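Just below is one structure, and these are the notes that go with it.
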There are 2 protein chains.
Amino acid sequence: MSTSPLLKGTLQTIILKLLEDNDQMYGYEITQKVKELTAGEMKLTEGALYPALHKLEADGLLETFNEIVDNRVRKYYRLTEQGGQEVTSKLQEAQAFIEQLQAVLNLKPQAL
Amino acid sequence: MSTSPLLKGTLQTIILKLLEDNDQMYGYEITQKVKELTAGEMKLTEGALYPALHKLEADGLLETFNEIVDNRVRKYYRLTEQGGQEVTSKLQEAQAFIEQLQAVLNLKPQAL
DNA sequence: ATTACATACATAGTTTTCTTATGTATGTAA
DNA sequence: TTACATACATAAGAAAACTATGTATGTAAT
């Protein structure tokens, strides 16, 4: 991930969420989707993405299958059943984290 | 930091912001403040806090002075001038990060 | 008395995660 | 034929956090 060292730990959540919304995606497609969704401000590097994908697969949250498009192999990723369950809890964690961060940094009015 | 591995990179921002709001604080006080502001959900561990404080001091963003309270030394931290400037940019970074994350995770309606 | 917990600092070892750099290979546009 | 986009991957290193531990004092409980 580029821009800033702020994203640590959330990459897995991003991958899982994108695969929940898009059913199946390949690595390069994910990098482009993230760029698109953040108007180019968040950039996923391969060195971060591919190890993260491999880990999610090893953990049983993703499964893969290959397709050949224009003579090039594309490795598609899809959520497993376990992965589908994980998305929900990871998203809740992310939401909670954002709210806590906003509270500590006083980034929005907070009723505490 | 406990709860989740989501906070990496934001600890410095939290420290700087708390010192902007509170003028001077000591380490233990910071851990308690974070706990208070997040209703106990975010917990700062010493192993994360003290190295972070020392690094910020080494980088010239914080300065320290000791006071003795109840026979115990308290090491107070305060923003330097440079530190005061850094707070603003770190906060903007954090705000931008939150917005990008919300966009990618589709956590709130986004006009893109 | 002494155990436990809160206050208050600190560091060492390890792990996780990301960045940078590099490598392979194909297709297309200049 | 050079450059860039597409598409995968790994290795080396750095950054940052976590876990565990250590010191020391004050206070409350047993």
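Note that the structure is a prediction, hence the values are computed from the model and not measured. Numbered from 1 within each chain, the chains take letters A, B, ... in sequence-line order.
- The closest side-chain donor-acceptor pair between E99(B) and Q95(B) falls under 3.5 angstrom.
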Report each atom pair, protein N/O against N/O of nucleotides 23-27 of chain C, whose distance is under 3.5 angstrom.
{"residue": "dT26(C)", "atom": "O2", "partner": "R72(A)", "partner atom": "NH1", "Å": "2.4"}
{"residue": "dG27(C)", "atom": "OP1", "partner": "N71(A)", "partner atom": "ND2", "Å": "2.7"}

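- Pairing for dT10(D) goes to dA21(C), judged as Watson-Crick or G-U wobble with the two contacts each under 3.5 Å.
- Counted by atom type alone, E36(B) and Q32(B) present zero donor-acceptor pairs between their side chains at under 3.5 Å.
- Nearest-nucleotide mapping onto DNA chain C: of Q32(B) and G47(B), the residue sitting toward the 5' end is Q32(B).
- The only option from I98(B), N106(B), L105(B) that meets the side-chain contact (heavy atoms from CB on, under 4.5 Å) definition with Q102(B) turns out to be I98(B).
- Checking the phosphate oxygens (OP1, OP2) of dA7(D), a side-chain nitrogen or oxygen of Y26(A) falls inside 4.0 Å.
- Clustering ILVMFWY residues whenever any of their side-chain heavy atoms sit less than 4.5 angstrom apart, transitively, puts I68(A) in a cluster other than the one holding F65(A).
- Each of P51(B) and G27(A) was assigned the nucleotide of DNA chain D with the nearest heavy atom; the assignment lying further toward the 5' end belongs to G27(A).
- For L44(B) and dA10(C), the CG to P distance is 14 Å, given to the nearest whole Å.
- Within the 3.5 Å criterion, the main-chain N or O of G60(A) finds a donor-acceptor partner in the side chain of T80(A).
- Looking at I30(A) and L53(A), their side chains come closer than 4.5 Å, going by heavy atoms from C-beta outward.
- At whole-Å resolution of the value, CG in L49(B) and P in dC9(C) are 8 Å apart.
- Rounded to an integer number of Å, the gap from R74(A) CZ to dA5(D) P is 17 Å.
- Following rounding to the nearest Å, L11(A) (CG) and dT16(C) (P) show an atom-to-atom distance of 16 Å.
- Residues E93(A) and T13(A) bring no donor and acceptor atom of their side chains to less than 3.5 Å of each other.
- Partner assigned to dA6(C) is dT25(D), using Watson-Crick or G-U wobble distances below 3.5 angstrom.
- Screening Q85(A), Q92(A), E86(A) for a side-chain contact (heavy atoms from CB on, under 4.5 Å) with T88(A), the sole residue that qualifies is Q92(A).
- Between Y50(A) and dA9(D) there is no side-chain N or O to OP1 or OP2 distance below 4.0 Å.
- Rounded to whole angstrom, the span from the NZ atom of K43(B) across to the C1' atom of dA17(D) amounts to 17 Å.
- Contacts between residues 52-69 of chain A and DNA chain D, defined by a heavy-atom separation below 4.0 Å, involve H54(A), listed by number.
- Going from atom CD of E29(B) over to atom P of dA8(C) covers 9 Å, rounded to whole Å.
- Counting heavy atoms from C-beta on, the side chains of L16(A) and L62(A) come closer than 4.5 Å.
- Taking the side chain of T45(B) as heavy atoms from C-beta on, and the options dA10(C), dT19(D), dA9(D), the nearest nucleotide is dT19(D).
- Whole-Å rounding puts the I14(B) CD1 to dA16(D) C1' distance at 13 Å.
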